[in-house]
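Some notes on the structure that comes next.
For ligands, and for the atoms within them, numbers begin at 1 and follow the listed sequence.
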Amino acid sequence: MIETVLDIQTIRKDFPILNREVNGKPLVYLDNAATSQTPQQVIDVIVDYYQNYNANIHRGVHALSQEATDKYEQARQKIQKHFNAGKGYEIIFTSGTTHGINLVANGFSSLLKKGDEILVSAMEHHSNIVPWQMLCERTGAVLKVIPMNEEGELLMDEYSKLLSERTKLVFCNHISNALGTINPIEEIIEKAHAVNAAVLIDGAQAAPHVKADMQALDVDFYTVSAHKMCGPTGVGALYGKEEWLNKLPPYQGGGEMIAEVTFEKTTYADLPHKFEAGTPNICGGIAFGAALDYMNAIGFDAIAAYEHELLEYATEQLLSIEGLRIYGTAKHKTSVISFNIGGIHPYDIGTILDKLGIAVRTGHHCAQPIMDFYKIPGTVRASFSFYNTKEEADALVSGVERARNMLL
Ligand SMILES: *Cc1c(COP(=O)(O)O)cnc(C)c1O
C-alpha cells in the first residue's frame with residue numbers, strides 16, 4: 001500500500017499535459033529521466049516574461065531591462081540557496097548539464113599535462129565520457145574507469161586503488177540515468193581530495209529527487225539541467241568553487257564576459273559573467289527559479305519518500321512478469337526501472353506501450369558502456385516522478401504483460 005503525505009491528485013492538476021490522450025488512451029508519462037513535465041506555475045512565469053518584461057539583461061538603463069535583470073539574478077539566488085552554494089557567483093547559468101561539463105573539460109585543457117589521469121565511473125552518460133576523451137586527446141592525459149558490479153554499484157575498493165598523485169580529476173554522476181543507482185559521492189569526493197584531485201559531479205539525474213548541499217559535500221563542480229526538474233529545456237546551472245572558477249579560463253568569448261576590450265588585449269569580467277558570454281536564456285533562467293520554488297513548496301523529503309514507494313511497488317509488480325529482468329538493482333536507487341524480457345527487443349515493447357498511451361524510453365539511454373557491460377542492446381526504461389501514481393504503475397505492468405504475450 002502506498003501511504004503518501006502528498007496529495008497527488010491536486011499536484012497532477014498543476015500539470016496540464018497529464019490530461020491529454022495518446023492514441024486514444026490517457027497519457028501515462030514514465031519518461032521523467034529524459035525530461036520532466038512542466039507545471040502551470042512555471043508555464044505562467046514563461047508567459048509573463050514574454051508578455052510583460054522581455055528585454056536583454058545587464059546592459060540596459062531602461063525599465064524592462066532592469067526588471068529582467070533583477071528577476072534573472074533573483075533566479076540565480078534561488079539556485080544558490082537551493083544547492084547551498086557559498087556565493088551567488090559560484091552559480092554559472094548554462095544551457096544544461098552537457099554545457100556545464102564541457103565548460104569544465106575545456107577549462108582543464110590548460111591545467112593538465114601528459115601522464116595526468118582522469119577517472120570516470122563505468123555508469124556515465126555519454127555527455128560525461130566524450131568531453132573527457134576529447135580533453136585527453138588535447139592534453140595527453142589518460143582516462144581510467146571506475147568499474148561496477150552486476151547490481152550496478154561502483155566498486156569502491158577499485159576506485160581507491162585507481163587514485164594516485166597522478167589523478168587530477170574525478171567525474172561521476174550522482175545518480176545514474178540508466179540504472180537509477182545513487183552513487184556514494186561523499187566518499188568519492190573525500191577520497192579524491194585526499195590525493196588533491198578535483199571532483200565534478202553530474203547531478204542531472206539527482207537534482208529532481210534529492211537536494212544536494214554544495215558546501216556540505218565540499219564538491220568542486222556540480223551540474224544540473226532545469227528540464228529534468230520541472231523547468232524548461234535549454235537552461236541549467238554549473239556550481240563551481242570560487243577558487244576553481246578563478247583558475248579555469250573562459251569557455252566562450254563574446255559579450256557579457258569581458259571587462260575591457262581593445263584589439264591588443266581583453267580582460268575578463270568577474271565571476272559569474274566570465275563564463276556567461278552572449279545573451280543567455282533569460283526567460284529559461286527565471287523559469288528555472290520558478291521550478292525550484294514549485295518543487296520546494298512540495299518538499300524534497302516528501303518527493304523522495306513518495307517516489308521510493310512508487311519504485312518499490314512498480315518493481316515488485318514488474319518482477320511478477322515471467323522472464324522480466326531488471327538492470328540496476330543497487331541498494332540505494334531512485335525511481336528508474338530499466339528492464340528487458342528474454343530476447344525481446346526493447347524497442348518492440350516500447351512501441352506497444354506507446355500504442356497504449358504509455359511513454360517509456362527504449363535504447364541505450366546515452367550510456368552505451370553500461371549496455372555493453374550487460375551485453376544487451378538496450379533496455380526499456382520506466383522512470384517515475386512525484387506526479388505519477390500507483391494506477392499508472394499498474395497500467396505499465398499490464399501493458400508490459402500484454403506486450404510480452406504478443407511478442408513471445
Ligand atoms: C540528462 C542527463 C545528462 C544530460 O543533460 P542535458 O540536459 O541533455 O545536457 C547528463 N547526465 C545525466 C546523468 C543525465 O541524466
Side-chain angles (χ1 to χ4, degrees), residues 29-38 79 92-106 120-134 145-146 148 152-154 170-185 188 199-210 212 219 221-239 251-252 275 280-281 284-285 287-288 291-292 307 327-328 330 332-338 359-371 373 378-379 381-385:
Y29 186 77
L30 298 176
D31 195 16
N32 295 285
T35 202
S36 58
Q37 295 304 342
T38 318
I79 297 166
I92 311 295
F93 275 113
T94 62
S95 65
T97 295
T98 304
H99 177 192
I101 292 170
N102 277 280
L103 187 160
V104 176
N106 182 75
V120 298
S121 91
M123 59 178 90
E124 292 309 315
H125 192 278
H126 292 167
S127 76
N128 216 356
I129 301 174
V130 183
W132 311 125
Q133 288 171 332
M134 290 162 68
V145 180
I146 310 162
M148 66 175 199
E153 297 166 321
L154 291 178
V170 176
F171 298 97
C172 183
N173 52 38
H174 188 168
I175 293 178
S176 157
N177 67 304
L179 303 174
T181 309
I182 304 174
N183 285 310
I185 59 168
I188 288 169
V199 183
L200 170 97
I201 300 293
D202 167 359
Q205 205 58 239
H209 308 286
V210 293
V219 66
F221 302 99
Y222 194 93
T223 56
V224 295
S225 298
H227 72 93
K228 295 207 173 152
M229 46 192 320
C230 298
T233 55
V235 66
L238 165 72
Y239 162 81
Y251 179 40
Q252 290 176 318
F275 292 107
N281 184 347
F288 185 8
L292 290 178
E307 288 174 344
Y327 299 87
H332 301 287
K333 67 175 281 191
T334 47
S335 45
V336 168
I337 307 177
S338 261
V360 294
R361 185 83 149 198
T362 64
H364 55 58
H365 317 298
C366 297
Q368 190 90 57
I370 299 182
M371 303 305 138
F373 175 85
T379 67
R381 181 187 71 186
S383 50
F384 293 79
S385 179

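Remark: T94 OG1 to Y251 OH distance equals 10.5 Å, nearest 0.5 Å. E124 CD to I146 CD1: the interatomic distance, rounded to the nearest 0.5 Å, is 8.0 Å.
The shell of residues lying under 4.0 angstrom from ligand 1, judged by heavy atoms, includes H227.
At the top of the distance list for atom 15 (O) of ligand 1, counting protein heavy atoms only, stands Q205 NE2, 2.5 Å. Ranking the protein heavy atoms by distance from atom 2 (C) of ligand 1 puts K228 NZ, 2.4 Å first.
Taking 4.5 Å as the limit, some side-chain heavy atom of S176 sits within range of a side-chain heavy atom of I370. Side chains of L179 and M148 form a contact here, defined as non-hydrogen atoms less than 4.5 Å apart.
Ligand-side atoms of ligand 1 in range of S225: 5 (O), 6 (P), 7 (O), 9 (O), range being under 4.0 angstrom from any heavy atom. Every atom of ligand 1 with a heavy atom of T97 under 4.0 Å away is listed here by number and element: 5 (O), 9 (O), 10 (C).
Classification of the W132-F171 ring pair by plane angle, with boundaries at 30° and 60°, yields parallel.
At a heavy-atom cutoff of 4.0 Å, ligand 1 is contacted by no atom of H99, backbone or side chain.
With hydrogens and angles left out, the side-chain atoms of H174 and Y222 include a donor and acceptor closer than 3.5 Å.
Nearest to atom 11 (N) of ligand 1 by heavy-atom distance, out of D202, T98, N102, N177, is D202.
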